[in-house]
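As the structure is a computational prediction, the values presented were derived from the model and not from experiment. Numbered from 1 within each chain, the chains take letters A, B, ... in sequence-line order.
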Number of protein chains: 2
Amino acid sequence: MDQLSATFAALADPTRRAILARLTEGPATVKELSEPFAISGPAISKHLRVLEKAGLITRGREAQWRPCQLDATPLKEVAVWAENYRRFWDASYARLDELLTEMKETD
Amino acid sequence: MDQLSATFAALADPTRRAILARLTEGPATVKELSEPFAISGPAISKHLRVLEKAGLITRGREAQWRPCQLDATPLKEVAVWAENYRRFWDASYARLDELLTEMKETD
DNA sequence: CTCGTACCTAACCACTTGGTTATCTAACCT
DNA sequence: AGGTTAGATAACCAAGTGGTTAGGTACGAG
């Protein structure tokens, strides 16, 4: 799977987005990350593996803890991709686009 | 499923992103959209339904054609969401962030 | 009216996903 | 050495996904 698809897929889950949001406040252990959620440890482990494979987090090793840290670089690609559609969600740009199309047709 | 999750899930497929890219050039029929891909019609229909449920396209009715049109408004939410992480992928911001954390700790 | 075209639905298949419980390893603390 | 804690792995399950083929509907053309 390509990088962008993996990133989008990883972000398509509210739990994983909440984990990323938590990690903006700094590194955290698996236990800390799991506390806000009413799901089991293994479920969190799976989410973390998805995030790790998408390159959105990195994991260290400190005694019996495996601290997670945010790596937002894949999100840059997401932002760039979305920005390419800005003129299509901005109404004024959309109207300008229509106008340009008309002008091209009646040229 | 929440709007943002639905949007990310819809975008997590290269075929669907290619369809959106094609629709930036203007409306298209299902047939036209399916042409670049080596997959069956029903497969395209399923992709279009995913995009429609995510609010990324709208579909009309013209004789035997069902023209698809891009609706990029959900992408605005994606762009806004990603922008919140800008300071984490921009190295200079990251260093600034570290500095601020240090300052807070040694306060 | 009949034929071809555009598109959808239904049924099916292999694979993935998000969750579970149970079991294991590794490290720390008495 | 024994017990507790952090975490991963394995095996399982229900539901979803991306694809298929077969068959149905709706419309335009001859």
Side-chain angles (χ1 to χ4, degrees), chain A residues 1-23 26-71 74, chain B residues 1-23 26-71 74:
Chain A
M1 183 150 55
D2 60 299
Q3 174 66 52
L4 194 53
S5 295
T7 307
F8 277 132
L11 297 178
D13 184 290
T15 303
R16 287 194 289 264
R17 290 198 306 276
I19 288 174
L20 292 182
R22 162 64 185 82
L23 288 177
T29 68
V30 177
K31 188 75 182 308
E32 287 167 344
L33 290 175
S34 74
E35 251 139 32
F37 308 104
I39 62 180
S40 66
I44 295 287
S45 273
K46 285 193 181 183
H47 283 307
L48 293 178
R49 199 166 53 209
V50 172
L51 290 170
E52 191 178 17
K53 281 199 174 176
L56 286 162
I57 64 171
T58 56
R59 317 181 68 172
R61 225 170 261 258
E62 267 182 50
Q64 67 268 52
W65 295 283
R66 307 291 304 277
C68 298
Q69 195 170 6
L70 180 65
D71 181 355
Chain B
M1 184 148 55
D2 61 300
Q3 174 66 51
L4 194 53
S5 296
T7 307
F8 277 132
L11 297 178
D13 185 290
T15 303
R16 286 194 289 264
R17 289 199 306 276
I19 289 174
L20 292 182
R22 163 63 185 81
L23 289 177
T29 69
V30 176
K31 186 73 183 309
E32 287 167 345
L33 291 175
S34 75
E35 251 139 31
F37 308 105
I39 61 180
S40 66
I44 296 287
S45 273
K46 286 193 182 183
H47 283 306
L48 293 178
R49 198 168 54 211
V50 172
L51 290 170
E52 191 178 17
K53 282 199 174 177
L56 286 161
I57 64 171
T58 55
R59 318 182 67 173
R61 224 172 262 259
E62 265 182 51
Q64 67 268 52
W65 297 283
R66 306 290 306 278
C68 298
Q69 195 170 6
L70 180 64
D71 181 355

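- The SG atom of B:Cys68 lies 6.5 Å from the CG atom of B:Leu23; values are rounded to the nearest 0.5 Å.
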Cut-off 3.5 Å, no hydrogens considered: what does the side-chain donor-acceptor table look like for residues 56-63 of chain B, sequence neighbours left out?
none

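- Contact record, A:Pro36 with A:Leu33: CD-O, 3.2 Å, taken as the closest heavy-atom pair.
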List the atom pairs, donor and acceptor, that lie under 3.5 Å between side-chain atoms in residues 11-19 of chain A and the rest of the protein, sequence neighbours left out.
{"residue": "A:Asp13", "atom": "OD1", "partner": "A:Thr15", "partner atom": "N", "Å": "2.8"}
{"residue": "A:Asp13", "atom": "OD1", "partner": "A:Thr15", "partner atom": "OG1", "Å": "3.4"}
{"residue": "A:Asp13", "atom": "OD1", "partner": "A:Arg16", "partner atom": "N", "Å": "3.3"}
{"residue": "A:Arg16", "atom": "NE", "partner": "A:Ala10", "partner atom": "O", "Å": "2.7"}
{"residue": "A:Arg16", "atom": "NH1", "partner": "A:His47", "partner atom": "ND1", "Å": "3.1"}
{"residue": "A:Arg16", "atom": "NH2", "partner": "A:Ala9", "partner atom": "O", "Å": "3.3"}
{"residue": "A:Arg17", "atom": "NH1", "partner": "A:Leu11", "partner atom": "O", "Å": "2.7"}
{"residue": "A:Arg17", "atom": "NH1", "partner": "B:Ser5", "partner atom": "OG", "Å": "3.0"}
{"residue": "A:Arg17", "atom": "NH2", "partner": "B:Asp2", "partner atom": "OD2", "Å": "2.9"}
{"residue": "A:Arg17", "atom": "NH2", "partner": "B:Ser5", "partner atom": "OG", "Å": "3.1"}

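- Taking side-chain N and O atoms only, A:Thr29 has no distance below 4.0 Å to OP1 or OP2 of D:dA6.
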With the criterion being N/O to N/O and under 3.5 Å, what pairs connect the protein with nucleotides 22-25 of chain D, and how long is each?
none

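- At a non-hydrogen distance threshold of 4.0 Å, nothing from residues 55-62 of chain A comes into contact with DNA chain C.
- Partners of A:Gln3 according to the side-chain hydrogen bond (donor to acceptor under 3.5 Å, both in side chains) rule, which considers only residues two or more places apart in sequence or in another chain, are A:Thr7.
- Rounded to an integer number of Å, the gap from CD of A:Glu35 to C1' of D:dA6 is 12 Å.
- Shown here are the side-chain contact (heavy atoms from CB on, under 4.5 Å) partners of A:Ala43, two or more places apart in sequence or in another chain: A:Ile39, A:Ser40.
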Mind listing the N/O atom pairs, protein and nucleotides 14-18 of chain D, below 3.5 Å?
{"residue": "D:dG18", "atom": "OP1", "partner": "B:Arg16", "partner atom": "NH2", "Å": "3.2"}
{"residue": "D:dG18", "atom": "OP2", "partner": "B:Arg16", "partner atom": "NH1", "Å": "3.1"}

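- Residue B:Arg66 contributes atom CZ, which lies 8 Å from atom C1' of C:dC8 at whole-angstrom precision.
- In this structure, NZ in B:Lys53 is found 9.5 Å from CE in B:Met1, a value given to the nearest 0.5 Å.
- Partners of B:Glu32 by side-chain contact (heavy atoms from CB on, under 4.5 Å), not counting sequence neighbours, listed by chain and number: B:Arg22, B:Ala28, B:Thr29.
- Atom CD in A:Glu52 sits roughly 14 Å away from atom P in D:dG7 (whole-Å rounding).
- Residue B:Ser45 has a polar side-chain atom (N or O) positioned under 4.0 Å from OP1 or OP2 of C:dC8.
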Atom pairs, protein N/O to nucleotides 28-30 of chain C N/O, distance under 3.5 Å:
none

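- Residue B:Thr15 is out of contact with every strand shown, counting any heavy-atom pair closer than 4.0 Å.
- The separation between B:Ile44 atom CD1 and D:dT21 atom P is 14 Å, rounded to whole Å.
- As a whole-Å value, the separation of B:Arg49 CZ from D:dG19 P is 14 Å.
- Atom-to-atom distance recorded for B:Leu51:CG and B:Asp71:CG is 11.5 Å, nearest 0.5 angstrom.
- The distance between atom CD of A:Glu32 and atom C1' of D:dG7, rounded to the nearest whole Å, is 13 Å.
- B:Gly55 and B:Pro74 make their closest contact through O-CG, 3.4 Å (heavy atoms, listed as atom of the first residue, atom of the second, distance).
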